[in-house]
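Each ligand, and each atom within it, is numbered from 1 in the order the structure gives.
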Amino acid sequence: MERGRVTMDRNADAPWSQFDPEVYVDNNYRTPLEVDLRIVRLLRDYFTRCFSRGVPDSVRGVDVGAGANLYPALSMLPWCEKVLLLEFARPNVAYLERQVSSGGYDTAWDAFWEELRQAPAYAAVEPRSRCGEIVRVERGNLFDLDGHRRWDIGTMFFVADSMSECPDEFQRGVRCFMNALAEGAPFAAAFMKESVGYRVGAHDYPACRVNEDRVRESLEPFTGELEIHDLHHVVRPGHEGILLALGRRNSEVAPP
Ligand SMILES: C[S@@+](CC[C@H](N)C(=O)[O-])C[C@H]1O[C@@H](n2cnc3c(N)ncnc32)[C@H](O)[C@@H]1O
């Protein structure tokens, strides 16, 4: 936080309607970073383990705050009958709709699929056509997920920590995501460690500073199984690494 500032930027204050997905992809994913490729391998292996006894019929997946990142959705493709990409910022919704349209997703995402397809369940999938067939995009607010809609597998990447400066909104974001998962659902959630905010093009976006303890505390009440990977990669100034949480939803239900 800047010296002398007394208020914190809340989620509703940030310029989401100005979010530029192409600049965001340029900044983060166009040239794949080793840390993201490592995350993708961890996702691939974790979900493969979760479904090692078989894939139930009609598994529905959700990626919350999908923004301009397709790899969480790609990591769910072999397991799902349907995948929903939920996103608040209109420019990101338009970006995601282009990615799942008949033209197929941008080649920027091929490097991530290349890591995924090293496992047999992924190798059996033709990702571009599968994306077009089963992935749908919806504009929505994470805070409106009130536990009435529940998914069987879910991801949330750099959202609860990267949408507001307020610790109560971080906690609420995690709770809303976890309450959107059915009992036993495998999930993956990624967080920037100690982020002070980020810039996309000409606009600044807020972040809430979190560390491994804070992430664990926020997730533990909702999880049966939880592993947190501390990836010591700094991708830009203003944060101290990346935390990846992998786990399964327990049966607790908390008010939104
Ligand atoms: C740092 S970006 C992360 C995007 C993407 N998941 C990734 O892994 O790169 C934060 C995302 O959260 C979205 N977001 C912010 N507030 C939201 C809200 N209230 N509900 C849903 N999404 C929100 C933003 O539009 C943006 O796409």
Side-chain angles (χ1 to χ4, degrees), residues 9-33 35-40 42-43 61-76 83-97 99 105-106 108-109 112 135 137-146 149 154-166 168-177 179-180 187-193 195-201 203-210 231 233 235-236 238-239 242-245 256:
D9 279 341
R10 298 186 70 78
N11 180 245
D13 300 327
W16 301 113
S17 65
Q18 311 292 314
F19 202 99
D20 186 331
E22 295 294 342
V23 171
Y24 185 79
V25 172
D26 286 345
N27 292 349
N28 295 288
Y29 303 122
R30 187 103 48 210
T31 305
L33 298 177
V35 64
D36 287 297
L37 298 176
R38 177 148 177 237
I39 289 173
V40 165
L42 287 163
L43 289 175
V62 66
D63 183 31
V64 172
N69 183 3
L70 217 57
Y71 75 62
L74 294 178
S75 76
M76 291 190 278
V83 175
L84 180 71
L85 308 183
L86 186 90
E87 169 56 41
F88 182 74
R90 288 184 194 279
N92 288 343
V93 170
Y95 175 86
L96 291 167
E97 278 170 346
Q99 301 307 308
Y105 57 75
D106 292 352
W109 305 108
F112 302 97
V135 184
V137 182
E138 183 179 306
R139 179 165 188 259
N141 191 326
L142 162 60
F143 292 145
D144 293 337
L145 293 175
D146 54 8
R149 295 163 79 190
T155 51
M156 179 174 71
F157 271 60
F158 313 115
V159 179
D161 58 309
S162 299
M163 65 190 302
S164 166
E165 286 180 345
C166 302
D168 63 317
E169 289 196 315
F170 164 75
Q171 185 60 53
R172 194 170 153 217
V174 169
R175 195 168 63 238
C176 288
F177 171 61
N179 276 344
F187 71 87
F191 307 89
M192 285 290 185
K193 192 169 153 187
S195 173
V196 296
Y198 55 106
R199 173 164 277 244
V200 182
H203 300 280
D204 289 319
Y205 293 90
C208 174
R209 296 188 72 137
V210 296
L231 308 169
H233 291 249
V235 298
R236 55 172 163 76
H239 79 111
I242 290 179
L243 298 164
L244 175 68

What do you reckon, does Tyr198 put a non-hydrogen atom under 4.0 Å from ligand 1? yes

Check whether any side-chain heavy atom of Leu70 lies under 4.5 Å from a side-chain heavy atom of Tyr95, and answer yes or no. no

Nearest-neighbour protein heavy atom for atom 11 (C) of ligand 1, which is reported as residue plus atom name and distance: Gly65 O, 3.9 Å

Less than 4.0 Å between a side-chain N and a carboxylate O, is that true for Asp168 and Arg175? no

Hey, which atoms in ligand 1 end up nearer than 4.0 Å to a heavy atom of Asn141? 18 (C), 19 (N), 20 (N)

Separation between CE (Met156) and CZ (Phe191), nearest 0.5 Å, reads 5.0 Å

How long is the gap from CG on Leu244 to CG on Leu42, to the nearest 0.5 Å? 6.0 Å

Could you tell me, atom by atom, which parts of ligand 1 come under 4.0 Å of a heavy atom of Tyr29? 7 (C), 8 (O), 9 (O)

Minimum-distance protein heavy atom relative to atom 12 (O) of ligand 1: Val159 CG1, 3.8 Å

Interatomic spacing from CG in Asp36 to OH in Tyr71 - rounded to 0.5 Å: 3.5 Å

Side chain or backbone of Trp16 under 4.0 Å from ligand 1, or both, or neither, by non-hydrogen atoms? side chain

Heavy atoms only, cut-off 4.0 Å: how does Asn11 contact ligand 1, side chain, backbone, both, or neither? side chain

Does Gly140 come within less than 4.0 Å of ligand 1, judged by its heavy atoms? yes

Is a side-chain N or O of Tyr205 found less than 3.5 angstrom from the main chain of Met163, in a donor-acceptor match? no

Heavy atom of the protein closest to atom 10 (C) of ligand 1 (residue, atom name, distance): Phe158 O, 3.4 Å

On a heavy-atom basis, I'd like to know which of Met156, Glu87, Met163 is closest to atom 13 (C) of ligand 1. Glu87

Can you pull out the closest protein heavy atom to atom 8 (O) of ligand 1? Residue, atom name and distance to 0.1 Å, please. Asn69 ND2, 2.9 Å

A side-chain contact here means heavy atoms from C-beta on lying under 4.5 Å apart; do Tyr105 and Leu74 qualify? yes

Under 4.0 Å from any heavy atom of Ala89, which atoms of ligand 1 are there? 25 (O)

How far does CD of Glu97 sit from CZ of Arg139, to the nearest 0.5 angstrom? 11.5 Å

Under 3.5 Å between any N/O of Phe157 and any N/O of ligand 1: does that happen in this structure? yes

Numbering as shown, the atoms of ligand 1 that approach Asn92 to under 4.0 Å (heavy-atom distance): 25 (O), 26 (C), 27 (O)

Rounded to the nearest 0.5 Å, what's the gap from CG on Leu84 to CG on Asp63? Could you check? 9.0 Å

Ligand-side contact atoms (ligand 1) for residue partner Ser162, heavy atom cut-off under 4.0 Å: 1 (C)

Note the single closest protein heavy atom to atom 20 (N) of ligand 1, along with its residue, its atom name and the distance in Å. Leu142 N, 2.8 Å

The one among Phe88, Tyr71, Phe177 that brings a heavy atom closest to atom 22 (N) of ligand 1: Phe88

Protein heavy-atom partner closest to atom 5 (C) of ligand 1 - residue, atom, separation in Å: Ala66 O, 3.2 Å

Polar contact flag, side-chain donor to acceptor under 3.5 angstrom, Asn11-Glu169: no

Nearest 0.5 Å, what's the CG-CZ distance between Asp161 and Arg209? 12.5 Å

